[in-house]
Amino acid sequence: MAKMAVNIKTRDMTADDLDDVLVIEGASFQIPWSRGIFLGEMAQPFCHDLVALVEGRIVGYICFAIVCDEIHLRNIAVHRDWKRCGAASELLSRMIAISSGKGARYGTLEVRKSNVAALELYKRFGFVVEGTRPSYYSEAGEDALIMWANF
Ligand SMILES: CC(C)(COP(=O)(O)OP(=O)(O)OC[C@H]1O[C@@H](n2cnc3c(N)ncnc32)[C@H](O)[C@@H]1OP(=O)(O)O)[C@@H](O)C(=O)NCCC(=O)NCCS
């Protein structure tokens, strides 16, 4: 059941956020990103990393890259206690606003075929499945769906 609307703010991720981010990351993915991967992302000028906050507490994050006129969504996750509160939607909206301001016109991402929550979320933002990478997720041999959107 959907929760009540909450006031979600976003800001750039910093290294000080990583303890909180890594807790969410570890609970969200079978092969979570390490602290080093997040730090590497933050060091790249073409990468953008945002956190979502509710009353000052980090509840989610997004990592994306802008390559020419394309947004590459690289990571997004929300703490289990704050799912279905609009945090991912707020992060995606900010991603699109920031990227559009820098001239991006397209978005792309990869998602597990079985990840219904993410697929439904991305469809809401205009992403459509354009291809498949067979057995992309090697630990389970699961296919990745490749999605694209025009902004
Ligand atoms: C996918 C994920 C980021 C969504 O975060 P969220 O903050 O709960 O998403 P939102 O609240 O913004 O949801 C927006 C819409 O997406 C869809 N959606 C989200 N979760 C869903 C679910 N479990 N089942 C079906 N649709 C879902 C709904 O349309 C929802 O709108 P509604 O709540 O009004 O019905 C979150 O479930 C998560 O962290 N999953 C684990 C990490 C992950 O899989 N990341 C994506 C990797 S590709």
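We count ligands from 1, going down the list as the structure has it; atoms in each ligand are counted the same way.
Contacts of R124 with ligand 1, taken as heavy-atom pairs under 4.0 Å, involve the side chain alone. Counting heavy atoms under 4.0 Å from ligand 1, residue F125 does not touch it at all. With a 4.0 Å heavy-atom cut-off, ligand 1 is reached by no atom of N75.
In this structure, D17 contributes its side chain and T14 its backbone to a donor-acceptor pair below 3.5 Å. Distance alone, capped at 3.5 Å, is enough to place a donor-acceptor pair between the E25 side chain and the W33 backbone. Under a 3.5 Å cut-off, the side chain of E142 and the backbone N or O of S114 do form a donor-acceptor pair.
Taking the side chain as every heavy atom from C-beta outward, E110 and Y137 approach each other to under 4.5 Å. Put simply, the side chain of R35 reaches to within 4.5 Å of the side chain of D19, judged on heavy atoms. Looking at I98 and L50, their side chains come closer than 4.5 Å, going by heavy atoms from C-beta outward. N75 is listed as a side-chain neighbour of Y61, based on a closest heavy-atom distance under 4.5 Å.
Counting heavy-atom neighbours within 6.0 Å of R105 CZ, excluding the residue itself, gives a total of 12 or less.
Near C85, with a cut-off below 4.0 Å to any heavy atom, the atoms of ligand 1 are 11 (O). Ligand-side atoms of ligand 1 in range of N115: 43 (C), 44 (O), 46 (C), 47 (C), range being under 4.0 angstrom from any heavy atom. When each atom of ligand 1 is checked for a heavy atom of E110 under 4.0 Å away, the hits are 48 (S). Contact atoms of ligand 1 toward F29: 42 (C), 43 (C), 45 (N), 47 (C) (distance under 4.0 Å to a heavy atom of the residue). Close approach to A88 involves these atoms of ligand 1, each under 4.0 Å from a residue heavy atom: 3 (C), 4 (C), 5 (O), 6 (P), 7 (O), 9 (O), 12 (O).
Between the choices H79, M147, E120, the shortest heavy-atom distance to atom 26 (N) of ligand 1 belongs to E120.
Between K123 and ligand 1 there is no heavy-atom distance shorter than 4.0 Å.
Checked against a 3.5 angstrom limit, the closest N/O atoms of V78 and ligand 1 fall inside it. At least one N or O atom of S89, backbone or side chain, sits closer than 3.5 Å to an N or O atom of ligand 1. Not a single N or O atom of V116, backbone or side chain, sits closer than 3.5 Å to an N or O atom of ligand 1. Inclusion of W82 in the set of residues having an N or O under 3.5 Å from an N or O of ligand 1 is not warranted. Residue G86 places at least one N or O, backbone or side chain, under 3.5 Å from an N or O of ligand 1.
Shown are L73, T108, V128, V111; of these, the side chain to side chain contact (heavy atoms under 4.5 Å, CB included) with M147 is made only by V111.
Ring pair H72/W148 is perpendicular by interplanar angle, where above 60° counts as perpendicular and below 30° as parallel.
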